[in-house]
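For reference, the structure discussed in these notes is given below.
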Protein chains: 2
Amino acid sequence: MFHNTPAACDHRSVNASAPRPAARRRRTDAKRNEDALLEAAASVFAASGVDAPVREVAAAAGVGVATLYRHFPTRSDLVVAVYRHQVDACADAGPALLASEASPFAAILRWVHLYVDFLGTKHGLARVWEGDPDGFTALHRLIVDRLVPVLTDMLAEARASAEVVAPITAYQLIRAVGDLVAFNPPDPQYDVRRIVTLLVSGLRQQQPHP
Amino acid sequence: MFHNTPAACDHRSVNASAPRPAARRRRTDAKRNEDALLEAAASVFAASGVDAPVREVAAAAGVGVATLYRHFPTRSDLVVAVYRHQVDACADAGPALLASEASPFAAILRWVHLYVDFLGTKHGLARVWEGDPDGFTALHRLIVDRLVPVLTDMLAEARASAEVVAPITAYQLIRAVGDLVAFNPPDPQYDVRRIVTLLVSGLRQQQPHP
DNA sequence: CTAAGATACGGAACACGGTTCCGCTAGACA
DNA sequence: TGTCTAGCGGAACCGTGTTCCGTATCTTAG
């Protein structure tokens, strides 16, 4: 699955002067618990959405809440750990689509829908996105770090070919798409994909001023 | 203001056969408290956002929480009561813009921005929107009832003049705009108005299929 | 193999939100 | 002015995320 995510890398004994006494190995039960938590979280999130209570995840992993919190200091860290590899896959798809699609714009459209599918399969992923006090949840940061550069390249290429003219940044677009998908359980009245397509197709329009 | 909302209409003595004994008048303190609550809620919401705790509103009104709950059975009912007249104003602006603006599309653009301003001035209004279990918060319903018809007309006119070609319904558009504005404290990195404009300008584009 | 001690654990406790309950107050009517 | 009940206050309840702390367990030196 992908749980080799040390979550917080081991900064013990980074003391410059002291001849550190061969730092201890990480306890095996710690590793085991972390894995169990990630697996439990993945399945609980899949079943009950990302909003599932932490206690439920801890219980499913057969572990106390404190243990969960030691490995993942905050709810959103857990979410990020669970979905990191999917975000990576999405990031990797960018250049691939640029190569395979007929035009940069077509590539962008498909890529954005990939992103929508990613967000869409986990109801309420956005709740994690929003809850940021000063603008940075772990998920927010992950997405900005991994996805924004990818989309930035795609947009640049689409601009070079004059397919895209609206002055929108990759960050703005990604965030907008996130907001759109955010709280939308499948609903016949409201197809998110259609709306996202609408948004993306706006990129080809010169923007009116107000 | 608009508080003649009996919250739950008086079903006392709806007994078909009995000659009901001239039902009591509503207690004056009840009316007074309802007004105080609405006033307090308006100012608290303005100061702390719509997410302000109910207790805070009750305290500001100088009443107990139970009183608040008797008048407004749920949080979102309170929110709706506070903002109802603003929604009305927004609805009224639709036909006016259609008449005053250069084109139906221009009218739509301006109207949508009016709506954005309405939502935007109250951080987190969307939280009320989303919290709907089966699809209907009070606010959701209010907006659908009042605003969707207005935008529907505007879209029809814009389609008649071929300015709008994308097959999007008023409901979809309003909901999308709501989602976009939803969780966005003013942020230099991310100007909601720009994104909304992007979305709206997509209406002029033939939609690509995926 | 054993013992010391760091590391990690479990679950109770805390803070904080919406909502409900219930004994009592005070307004309406006679 | 007295009765009766609509309406009130605020404590209590439930369900969140998060923290605390006494204890168990793993690692490692000897």
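Throughout, protein chains are lettered first and strands after them, A, B, ... in sequence-line order, and every chain is numbered starting at 1.
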Is it true that a side-chain atom of Trp111(A) and a backbone atom of Cys90(A) form a donor plus acceptor pair closer than 3.5 Å?
->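 Yes: the side chain of Trp111(A) pairs with the backbone of Cys90(A).
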Are any side-chain N or O atoms of Arg146(B) and backbone N or O atoms of Asp92(B), one a donor and one an acceptor, separated by less than 3.5 Å?
->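 No, because the side chain of Arg146(B) does not come within donor-acceptor range (under 3.5 Å) of the backbone of Asp92(B).
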Nearest whole angstrom, please: distance from the [atom2] of [N] to the [atom1] of [X].
{"X": "Arg26(A)", "N": "dC9(C)", "atom1": "CZ", "atom2": "C1'", "answer": "14 Å"}
{"X": "Asp51(B)", "N": "dC16(C)", "atom1": "CG", "atom2": "C1'", "answer": "13 Å"}
{"X": "Phe72(B)", "N": "dG7(D)", "atom1": "CZ", "atom2": "P", "answer": "14 Å"}
{"X": "Arg27(B)", "N": "dC24(C)", "atom1": "CZ", "atom2": "C1'", "answer": "11 Å"}
{"X": "Leu68(B)", "N": "dC21(C)", "atom1": "CG", "atom2": "P", "answer": "17 Å"}
{"X": "Arg32(A)", "N": "dA24(D)", "atom1": "CZ", "atom2": "C1'", "answer": "13 Å"}
{"X": "Arg75(B)", "N": "dT20(C)", "atom1": "CZ", "atom2": "C1'", "answer": "17 Å"}
{"X": "Arg70(A)", "N": "dG17(D)", "atom1": "CZ", "atom2": "P", "answer": "18 Å"}

Would you kindly check whether a donor in the side chain of Arg25(B) faces an acceptor in the base of dA28(C), or vice versa, at under 3.5 angstrom?
-> no
Is the base of dG17(D) touched by the side chain of Arg55(A) through a donor-acceptor pair closer than 3.5 angstrom?
->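 Flag set: donor-acceptor pair detected.
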Side-chain N or O of [X] less than 4.0 angstrom from OP1 or OP2 on [N]?
{"X": "His71(B)", "N": "dC8(D)", "value": "yes"}
{"X": "Thr67(A)", "N": "dG10(C)", "value": "yes"}
{"X": "Asn33(A)", "N": "dC9(C)", "value": "yes"}
{"X": "Thr74(B)", "N": "dT19(C)", "value": "yes"}

Residue pair Ala66(A)/Pro53(A) against DNA chain D: nearer the 5' end by closest nucleotide is Pro53(A)
Give the intermediate values and the outcome of side-chain contact (heavy atoms from CB on, under 4.5 Å) for residues Leu38(A) and Phe72(A).
-> CA-CA 10 Å; Leu38(A) 281 166; Phe72(A) 309 97; 3.9 Å; yes
Val65(B) near the nucleic acid: base, sugar-phosphate alone, or nothing, with a heavy-atom cut-off under 4.0 Å?
-> base
Under 4.0 Å between any heavy atoms, over every strand shown, what does Ala30(A) touch: base, sugar-phosphate, or nothing? Just pick one.
->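 Sugar-phosphate contact only - Ala30(A) comes under 4.0 Å of backbone atoms but never of a base.
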Do the rings of Tyr190(B) and Tyr171(A) sit parallel, tilted or perpendicular, given the 30° and 60° boundaries?
->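 Perpendicular, since the angle between the ring planes exceeds 60°.
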Let me know, please, whether Tyr69(B) or Asp29(B) comes out on the 5' side of the other along DNA chain C by nearest nucleotide.
-> Tyr69(B)
Is Asp29(B) salt-bridged to Arg27(B), cutoff N-O under 4.0 Å?
->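 A salt bridge links Asp29(B) with Arg27(B).
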